[in-house]
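Working notes, structure below.
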Amino acid sequence: MLKDKHILLCVSGGIAVYKAVALTSKLTQAGALVKVIMSESAQKFVNPLSFQALSGHDVFTDTFDEKDSSVIAHIDLADWADLVIVAPATANVIGKMANGIADDMLTTTLLATEAPIWVAPAMNVNMYNHSAVKRNLHRLCEDGVKFIEPSEGFLACGYVGKGRLEEPEKIVEHLNDFFQEGKPTPLEGKKVLVTAGPTRESIDPVRYFTNHSTGKMGFSLAKQAAKMGAHVTLITGPTTLDEPQGINIVKVETADEMFHAVMERFHQMDIVVKAAAVADYKPKQTYTHKMKKSNDELVISFERTKDILLELGRNKQHQILVGFAAESEQLETYAMRKLKKKNLDMIVGNNILLEGAGFQGDTNIVEVFTSQGKVRSLPMMNKSRVAEVILQEITTLMMGV
Ligand code: CTP
């Protein structure tokens, strides 16, 4: 989607400038034409020559340095751009943008352009959380600026937290998706139900029985299905993830609650993806009052919960039914067994013992099976990309290709 697109990259001064160099390279590799403006402080981190070499264009640094006398550089650049991205965007440049200040080449061009503007902030976590910065971000949001949120991790200042410039590959993905909007959406009009997260089975008002699922895989699937045009319902167990926009979210706690929430909606759905790690057992008895300790051994009896997917498989009519199989051995054998037993159209298997796969992390390593056997074996990918591939496979299956 980025082929021949005119991308104006505005680089402001922070340690993340080095990532903007990589971003220039990734954008040009994707076929975009990239021109770069650097603020004065950005040039203290990286020499403009690096951007010049990778973009194949002069780098603009000074409003009064007119390289071509037939045009006014900041107006010419502003008009040339199909999209402007400020990366890294410092607290300072965000403040200037929010207040319409134009005191250098970069901010003057930002005021002059009518192209969509994207901002990828990068700064210290305390700066990012400062009320003044939040106010400015909010104002920019109201002005229609789009954001690529910083990720969490080790910051150059030694802090750990939100403020790290998103990885160049991810930024390219966001811009790619932006240009893709308005293009045919393969799941347009389809109703998709995704389940996510763990379930929580109470023992008493204090204690519960659960598993390591974070809900990331299910949330990524829900977001990706919505991007592909589907009406998405996400039934989720307890997670700490931000609620995605434009998705109907139903929060449940126990396997029983998830069972009812799913069964109620099943007949209206075209596709059901069961990414939730549903507890197979629940305590036989839930105590109303906190259990008091004693010197004896504690024995808790568990009973089986309902297997939601098995029940869906039994009641399946026109729906495409997709399950997950988290295994620690014999992935193919167990995944194929579950596919048949639960009457599924597809099952996504992962070996939870592999580094970079399974619960907690942002990545997964999966294999996709249908009744034909293994159809895809994917390398380690971030969960949003895994979600994209799974949904592409579901689309292929629906079309009967
Ligand atoms: N699943 C479900 N209801 C349950 C248990 C599992 O709907 N009570 C679904 C999961 O959402 C997943 C699939 O079944 O899509 C496989 O889950 P998994 O726990 O791997 O398999 P089980 O069938 O529970 O078998 P086992 O635990 O013996 O591996």
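Please read these numbers as outputs of a predicted model, since none were measured by experiment. Remember, it's 1-based here, ligands and their atoms both numbered in the order they're listed.
- Close approach to A326 involves these atoms of ligand 1, each under 4.0 Å from a residue heavy atom: 20 (O).
- For the pair K284 and F302, the cation-pi criterion (under 6.0 Å, within 45° of the ring axis) is not fulfilled.
- Side-chain contact between T363 and K383 is absent, with no heavy-atom pair separated by less than 4.5 Å.
- Cation-pi geometry between K146 and F178 is not met at under 6.0 angstrom from the ring centre and within 45 degrees of the axis.
- Remark: ligand 1 atoms within the under-4.0 Å shell around heavy atoms of L309 are 2 (C), 7 (O), 9 (C), 13 (C), 14 (O), 15 (O).
- The side-chain heavy atoms of S39 and D104, taken from C-beta on, include a pair separated by under 4.5 Å.
- Here atom 4 (C) of ligand 1 lies nearest to V278 when heavy atoms of I352, D256, V278 are compared.
- Distance check, rounded to the nearest 0.5 Å: NZ of K282 to CZ of F209 gives 12.5 Å.
- In this structure, atom 28 (O) of ligand 1 has no protein heavy-atom contact shorter than 4.0 Å.
- The closest side-chain donor-acceptor pair between S50 and Q52, if any, does not fall under 3.5 angstrom.
- If you check which protein heavy atom lies closest to atom 5 (C) of ligand 1, you get D280 OD1, 3.2 Å.
- In terms of polar-atom proximity, A275 is not counted as a contact of ligand 1, lacking any N or O under 3.5 Å from an N or O of the ligand.
- Counting heavy atoms closer than 4.0 Å to ligand 1, residue K306 contributes backbone atoms (N, CA, C, O) but none from C-beta onward.
- A cation-pi arrangement is found for K306 relative to F259, the charged atom lying closer than 6.0 Å to the ring centre and inside a 45° cone about the ring normal.
- Of all the listed residues (G323, A276, G313, G218), A276 holds the heavy atom that lies closest to atom 11 (O) of ligand 1.
- Among the atoms of E327, none of the N or O lies under 3.5 angstrom from an N or O of ligand 1.
- The single protein non-hydrogen atom nearest to atom 13 (C) of ligand 1 is F324 O, 3.1 Å, given as residue, atom name and distance.
- The proximity of D307 to ligand 1, defined as any non-hydrogen pair under 4.0 Å, involves the side chain as well as the backbone.
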Intermediate values then yes/no, side chain to side chain donor-acceptor pair (under 3.5 Å), H260 and E264: CA-CA 6 Å; H260 292 297; E264 241 169 60; over 6 Å; no
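- Contact between M258 and ligand 1 is absent, with no heavy atom of the residue lying under 4.0 Å from the ligand.
- A donor-acceptor contact under 3.5 angstrom links the side chains of N382 and S384, judged on distance only.
- Checking only distances, I308 does come within under 3.5 Å of ligand 1, N or O to N or O.
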